[in-house]
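Please read the structure below before turning to the comments.
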Amino acid sequence: MTSPRSAGARNAGDPYLPHSGNGGYGVDLYDLDLRYRVATNRLDGKATITATATQELTSFSLDLVRLRASKVRVDGAKRTRFTQTQSKLVITPEHPIAEGSVFTVEVEYAGSPAPRRSAWGLVGWEELTDGVIVAAQPSGAPTWFPCNDHPSDKAGYRIRVSAEEGYTVVANGTLTEHSFASGRGTWLYECAEPTATYLATVQIGRYTRRRQTLAETTIEFAFPGELESRMQADFAPLPAMLEFFSSVFGPYPFPEYRVIVTDDELEIPLEAQGAAIFGENHVDGEGGSERLIAHELAHQWFGNSVGLAAWQHIWLNEGFACYAEWLWSERAGESRRIRSRAGITLVCVGCLRIWWSPIPDPPSCSTTESTSAGH
């Protein structure tokens with residue numbers, strides 16, 4: 001019989017997302033091998049997860065939504081048992097895992113990924129008109145890989161994705177391999193920096209790529225080719241932003257910074273670890289999204305490099321990024337006034353409410369007049 005004390009908790013104990021996350025272990029590395037067909041929205045994946053047990057484990061769970069696991073092994077054991085609910089993959093290893101032990105979990109899974117519903121709307125893996133966007137904040141990561149979906153459990157990533165030739169794949173970290181065979185392209189990214197699951201991402205589209213090497217880091221752009229002139233005009237201030245924020249916040253914390261511009265309109269831009277994603281509507285060629293560009297870049301220092309212990313602290317991420325907007329506005333000066341309606345930055349009333357009152361209800365955000373990002 002399984003002892004309750006030996007079974008890992010099936011949530012992280014976070015009142016804002018009470019069904020997300022898991023207990024009994026911490027993840028060290030996600031090694032993801034994904035094969036995706038854009039035309040049919042079919043994902044076949046194998047996740048090899050290296051973790052360390054924080055207690056004896058006779059069973060434990062991972063978050064996984066919509067996708068079905070077909071094979072699970074713990075430390076290679078074929079007798080690993082598993083069951084799957086709507087949002088959890090519950091695993092029983094052949095032998096209990098001792099506290100402090102490092103173990104591996106291999107999960108083969110497949111399906112048609114789609115965003116999941118949350119109190120904040122649809123989040124996760126989502127089809128574009130011709131490609132994919134992953135917008136996982138706060139609970140969308142399990143829509144594309146099995147994970148311990150809580151921001152307190154950061155890990156390294158190795159993400160290999162193959163897709164039809166003609167598509168560019170962008171993910172977290174450094175691109176270490178890129179090849180074509182049998183009409184498909186394969187892209188391998190490695191991210192050593194500890195990354196929260198909601199900041200892990202894959203972006204797929206028919207993108208043109210451009211790189212710009214600076215003194216301390218490299219900026220890479222991925223965008224529809226027809227938007228190149230608008231993109232170049234709007235992101236011209238980005239190197240100066242990066243230099244300025246590095247002077248006030250410390251060195252940029254990652255090897256590279258990527259900017260992805262989708263061919264679709266997006267409601268808001270969003271950040272990922274070492275990257276930011278914008279919609280076609282955010283690129284007007286006239287600098288209309290300059291504050292958004294500053295906002296998403298600032299998250300790389302606070303929100304990504306320095307992250308959350310619990311979701312109730314998300315206001316710190318957004319408050320810092322809004323503060324960074326004001327710093328950049330002052331730095332840019334009156335000679336190039338940065339657009340905002342009445343110059344008022346976003347105020348996330350729900351997030352501020354969390355600061356003063358530790359209520360368990362998920363916050364709902366209302367804003368003043370603003371053009372700032374909400375994520």
Side-chain angles (χ1 to χ4, degrees), residues 1-34 45-65 67-110 136 139 141-160 172-173 190-200 273 307-311:
M1 178 178 292
T2 299
S3 165
R5 289 181 298 175
S6 296
R10 296 188 188 179
N11 65 74
D14 193 312
Y16 290 88
L17 287 167
H19 304 295
S20 292
N22 305 276
Y25 63 91
V27 176
D28 304 311
L29 176 68
Y30 292 100
D31 189 342
L32 309 178
D33 191 350
L34 310 178
K46 179 179 179 180
T48 302
I49 301 168
T50 304
T52 301
T54 57
Q55 64 172 70
E56 181 186 64
L57 289 173
T58 52
S59 69
F60 60 94
S61 55
L62 294 163
D63 298 290
L64 187 62
V65 175
L67 303 169
R68 302 303 299 179
S70 58
K71 182 182 294 185
V72 179
R73 293 183 178 180
V74 175
D75 290 333
K78 295 182 179 180
R79 294 185 179 180
T80 302
R81 293 183 291 120
F82 67 94
T83 59
Q84 192 166 355
T85 67
Q86 188 174 7
S87 62
K88 296 288 180 180
L89 179 62
V90 181
I91 301 168
T92 303
E94 183 177 3
H95 304 288
I97 300 169
E99 180 179 356
S101 296
V102 175
F103 63 98
T104 60
V105 186
E106 297 176 14
V107 181
E108 294 182 20
Y109 61 100
S139 56
T143 64
W144 64 285
F145 69 103
C147 58
N148 186 21
D149 193 26
H150 193 264
S152 63
D153 191 9
K154 291 186 172 187
Y157 283 79
R158 191 172 187 267
I159 304 174
R160 183 190 299 273
N172 309 91
E190 299 190 60
C191 179
E193 294 77 19
T195 301
T197 49
Y198 83 93
L199 294 171
Q273 187 98 328
L308 302 172
W311 279 114

Exercise. Determine, step by step, whether T195 and N172 satisfy the side chain to side chain donor-acceptor pair (under 3.5 Å) criterion, reporting the C-alpha distance in whole Å, the side-chain angles of both residues, the deciding distance to 0.1 Å, and the verdict.
Key: CA-CA 9 Å; T195 301; N172 309 91; 5.8 Å; no
Quiz item: Heavy atoms, side chains only, cut-off 4.5 Å: are D31 and T50 in contact?
Solution: no
Quiz prompt | Enclosure of R73 CZ (heavy-atom neighbours >12, cutoff 6.0 Å) | solution = yes
Exercise. Please report the shortest heavy-atom distance between G307 and K154, naming the atom on each side.
Key: N-NZ, 3.6 Å
Self-check item: Spacing of NZ belonging to K71 relative to CD belonging to E108, to within rounding of 0.5 Å
Solution: 4.5 Å
Quiz prompt | Non-hydrogen atoms of C191 and G173 that approach each other most closely | solution = CB-CA, 3.8 Å
Exercise. Quick one: closest heavy-atom pair of V72 and T80, and the distance?
Key: O-CB, 3.4 Å
Quiz item: Does the side chain of T52 reach to within under 4.5 Å of the side chain of D28, using non-hydrogen atoms?
Solution: yes
Quiz item: Are any of the side-chain heavy atoms of F103 and I97 separated by less than 4.5 Å?
Solution: yes
Quiz item: Where the side chain of D63 meets the backbone of S20, is there a donor-acceptor pair that is under 3.5 Å apart?
Solution: no
Quiz item: Can you tell me how far the CD1 atom of I159 sits from the CG atom of L32, to the nearest 0.5 Å?
Solution: 5.5 Å
Exercise. Could you tell me the separation between the CZ atom of R160 and the CD atom of E190, rounded to the nearest 0.5 Å?
Key: 8.5 Å
Quiz item: Just by modelled atom types, is the P194 backbone N or O under 3.5 Å from a matching donor or acceptor in the Q273 side chain?
Solution: yes
Self-check item: K88 side chain vs L64 backbone, donor-acceptor pair below 3.5 Å
Solution: no
Exercise. Indicate yes or no: at least one non-hydrogen side-chain atom of K46 is less than 4.5 angstrom from one of E106.
Key: yes
Quiz item: Mind checking whether S139 and Y198 have side chains closer than 4.5 Å, heavy atoms only?
Solution: no
Self-check item: Backbone of W144 reached by a side-chain donor or acceptor of Y109 within 3.5 Å
Solution: yes
Quiz item: Does the pair L89 and F82 meet the rule for a side-chain contact (heavy atoms from CB on, under 4.5 Å), with working shown?
Solution: CA-CA 7 Å; L89 179 62; F82 67 94; 3.7 Å; yes
Quiz item: Is there a side-chain contact (heavy atoms from CB on, under 4.5 Å) between R10 and V90 once you walk through the steps?
Solution: CA-CA 8 Å; R10 296 188 188 179; V90 181; 3.4 Å; yes
Practice problem: Can you see which heavy atom on P146 is nearest to which on L62, and at what distance? | Solution: CB-CD1, 4.1 Å
Quiz item: Less than 4.5 Å apart, any side-chain heavy atom of F60 and any of V74?
Solution: yes
Quiz item: For F145 and T197, what are the C-alpha separation, side-chain angles and deciding distance, and is it a side-chain contact (heavy atoms from CB on, under 4.5 Å)?
Solution: CA-CA 10 Å; F145 69 103; T197 49; 4.3 Å; yes
Quiz item: Between N11 and G13, is there a donor-acceptor pair closer than 3.5 Å when you use the side chain of the first and the backbone of the second?
Solution: yes
Exercise. Go through the steps for T58 and T92 under the test side-chain contact (heavy atoms from CB on, under 4.5 Å), then give the verdict.
Key: CA-CA 6 Å; T58 52; T92 303; 6.0 Å; no
Quiz item: Hey, are the side chains of T48 and V105 touching, using non-hydrogen atoms and a 4.5 Å cut-off?
Solution: no
Practice problem: Return the minimal non-hydrogen interatomic distance between L57 and P93, and the atom names on each side. | Solution: O-CG, 4.1 Å
Exercise. With the side chain counted from C-beta on, respond yes when Y25 and N148 share a heavy-atom pair under 4.5 Å apart, and no when they do not.
Key: yes
Quiz prompt | Nearest non-hydrogen partners of H150 and A309, listed with the distance | solution = CE1-O, 3.2 Å
Self-check item: Separation of S101 OG from Q55 CD (nearest 0.5 Å)
Solution: 12.0 Å
